[in-house]
J.: 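Sending over a structure as structure tokens; questions will come in a sec.
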There are 2 protein chains.
Amino acid sequence: MQSDLDAVDKKILTLLMAQGRMTWSDLAARLQLSPPATAERVRRLEERAILRGYSAQVSAEHLGLHLMAFITLTLDHPRHRADLLNCVQQHDAIQECHHIAGDGDYLLKVRCRHTRDLEHLVSEVLKSLPGVLRTQTTIVLSTAKETTTLPLDLHDPSTEAPTQTEHP
Amino acid sequence: MQSDLDAVDKKILTLLMAQGRMTWSDLAARLQLSPPATAERVRRLEERAILRGYSAQVSAEHLGLHLMAFITLTLDHPRHRADLLNCVQQHDAIQECHHIAGDGDYLLKVRCRHTRDLEHLVSEVLKSLPGVLRTQTTIVLSTAKETTTLPLDLHDPSTEAPTQTEHP
DNA sequence: AATGAAACTGTCGGGTT
DNA sequence: AACCCGACAGTTTCATT
């Protein structure tokens, strides 16, 4: 799936990832296009589900969510998958749930207010699920970068100069 | 910091996290408030940096970003922190970078097209940074949940009934 | 915080290349 | 097929109460 997006489509996505409430007029001006043409492009991107929606970025700290953690979870049998996924969907504190290859089966990103909430989540919610063998929690001390902006211009590694020793 | 947000402010944040391009009129209707009052509330939330901005949610798959991974990175000395953080900021493939407690020093969330890009990122970019002792990469097989919506209504664990055995 | 007026934006139809 | 233009409805914004 490289859904034949032309340069204009890509620019639309880039601009809207950075400023999701930009008016179609503003967007049109930056694309050197008319507002209706721009609106039509956006509409088609939404229709094709390439543009999935828009969301406000809110400061977690200001909401009292002072704790972030990653939890690696191991299931004793895939039979218990549905129970876990169901639980994950229900709990707002769980922001992400990824099925992973390697140590453990699932990786969860969670946010809560303090250790008390985390204790509840790990000890009461997750460990009481059927089939959960063990969890391993990693606390986040601080966050240096956290963006939802996707890279649209990954430089091709193959076009780069071959690796040299550092001291020629 | 529990920035004395009243119920209306919280509802604004909740609604805008779900639908970031909602008009102030629509928002006002759901709050049973006038559009100007609503706009003023939003303006204050932005001013206080509780509302940090708005962004479009774009499908990574459609952009050809088929690979997601978490990389745990260990530094041999905090002296090399600045170099790492600098690198992290420059590379769009790195979406998140957290300083963590536990195994390793930093946890990175990265997105790229395929293993070739990941190889480049790990072997050329990260491992060539000064002070990087080792990295450990976890590949994401699939994602069951991924949201930026923050929980505003975490039920207080202390108010719950004490834990019972499952079979009374 | 609500109202009403002015400016702007989104949207629809029709026409162009 | 994609785009531009012009017109109208809806939205934002400001002044006022």
Side-chain angles (χ1 to χ4, degrees), chain A residues 1-59 62-64 147-153, chain B residues 1-65 147-150 152-153:
Chain A
M1 216 184 282
Q2 172 67 309
S3 330
D4 52 292
L5 300 166
D6 65 15
V8 178
D9 287 328
K10 288 182 185 171
K11 195 156 187 186
I12 288 176
L13 296 175
T14 303
L15 290 168
L16 285 180
M17 282 193 288
Q19 291 184 229
R21 275 193 75 93
M22 204 186 303
T23 65
W24 300 159
S25 302
D26 279 354
L27 196 52
R30 303 202 197 201
L31 300 170
Q32 314 218 58
L33 220 64
S34 71
T38 303
E40 177 62 12
R41 290 258 193 178
V42 173
R43 198 193 59 74
R44 294 218 44 220
L45 288 169
E46 289 169 351
E47 191 183 44
R48 293 203 273 165
I50 295 169
L51 243 171
R52 287 175 167 175
Y54 309 86
S55 67
Q57 301 159 217
V58 175
S59 156
H62 281 90
L63 295 183
T147 180
T148 59
T149 302
L150 300 174
L152 280 192
D153 46 5
Chain B
M1 214 184 284
Q2 172 65 306
S3 329
D4 52 293
L5 299 166
D6 66 14
V8 178
D9 288 329
K10 288 183 185 172
K11 194 155 187 186
I12 288 176
L13 296 174
T14 303
L15 289 168
L16 286 181
M17 283 193 286
Q19 292 183 229
R21 276 192 75 94
M22 201 186 301
T23 66
W24 299 159
S25 298
D26 279 355
L27 198 51
R30 303 200 197 201
L31 300 169
Q32 313 218 59
L33 220 64
S34 70
T38 304
E40 176 63 12
R41 289 258 193 177
V42 172
R43 198 194 60 74
R44 286 269 309 146
L45 288 169
E46 288 169 352
E47 190 183 45
R48 293 202 276 164
I50 295 168
L51 241 170
R52 288 176 165 173
Y54 309 86
S55 67
Q57 301 160 215
V58 175
S59 155
E61 283 295 329
H62 282 90
L63 295 183
L65 300 168
T147 181
T148 60
T149 302
L150 300 173
L152 280 191
D153 46 4

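Below, chains carry the letters A, B, ... as their sequence lines are ordered, and counting in each starts from 1.
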J.: Quick one: which protein N/O atoms are closer than 3.5 Å to N/O atoms of nucleotides 1-3 of chain D? Pair and distance per line, please.
T.:
{"from": "D/dC3", "atom 1": "OP1", "to": "A/Arg41", "atom 2": "NE", "distance (Å)": "3.4"}
{"from": "D/dC3", "atom 1": "OP1", "to": "A/Arg41", "atom 2": "NH2", "distance (Å)": "2.7"}

J.: Only one of A/Leu31, A/Leu152, A/Leu16 forms a side chain to side chain contact (heavy atoms under 4.5 Å, CB included) with A/Lys11, so which one is it?
T.: A/Leu31

J.: State which residues pass side-chain contact (heavy atoms from CB on, under 4.5 Å) with A/Ser55; sequence neighbours excluded, sorted by chain then number.
T.: B/Ser55, B/Gln57, B/Thr148

J.: Under 3.5 Å, which protein N or O atoms sit close to an N or O of nucleotides 14-17 of chain C? Give each pair with its distance.
T.:
none

J.: Holding to side-chain contact (heavy atoms from CB on, under 4.5 Å), I want the full list of residues that pass it with A/Ala49, two or more places apart in sequence or in another chain.
T.: none

J.: Check side-chain hydrogen bond (donor to acceptor under 3.5 Å, both in side chains) between A/Ser34 and all other residues, then give those that pass, not counting sequence neighbours.
T.: none

J.: Once you build an axis from the first five pairs and another from the last five of the helix from C/dA1-D/dT17 to C/dT17-D/dA1, how far apart in angle are they, to 10 degrees?
T.: 30°

J.: Can you sort out the partners of A/Thr38 under side-chain hydrogen bond (donor to acceptor under 3.5 Å, both in side chains), two or more places apart, ordered by chain and number?
T.: none

J.: So how far is it from B/Leu13 CG to B/Ile50 CD1, rounded to the nearest 0.5 Å?
T.: 7.0 Å

J.: Atom CG in B/Leu5, atom CG in A/Leu63: separation rounded to 0.5 Å?
T.: 6.5 Å

J.: Taking the side chain from A/Arg21 and the backbone from B/Met22, do they hold a donor-acceptor pair closer than 3.5 Å?
T.: yes

J.: Nucleotides 8-14 of chain D: which of its N/O atoms have a protein N/O under 3.5 Å away?
T.:
{"from": "D/dT12", "atom 1": "OP1", "to": "B/Trp24", "atom 2": "N", "distance (Å)": "2.9"}
{"from": "D/dT12", "atom 1": "OP2", "to": "B/Trp24", "atom 2": "N", "distance (Å)": "3.3"}
{"from": "D/dT12", "atom 1": "OP2", "to": "B/Ser25", "atom 2": "N", "distance (Å)": "3.0"}
{"from": "D/dT12", "atom 1": "OP2", "to": "B/Ser25", "atom 2": "OG", "distance (Å)": "3.0"}

J.: Going by side-chain hydrogen bond (donor to acceptor under 3.5 Å, both in side chains), name the residues that satisfy it together with A/Thr149, two or more places apart in sequence or in a different chain.
T.: A/Thr147

J.: So, using side-chain contact (heavy atoms from CB on, under 4.5 Å) as the criterion, who are the partners of A/Ala39 when residues are at least two apart?
T.: A/Trp24

J.: Please enumerate all residues that pass side-chain hydrogen bond (donor to acceptor under 3.5 Å, both in side chains) together with B/Gln19, with sequence neighbours excluded.
T.: none

J.: With salt bridge (Lys or Arg N to Asp or Glu O under 4.0 Å) as the rule and sequence neighbours excluded, what pairs involving residues 28-44 of chain B come up?
T.: B/Asp6-B/Arg41, B/Asp9-B/Arg41, B/Glu40-B/Arg43, B/Arg43-B/Glu47, B/Arg44-B/Glu47

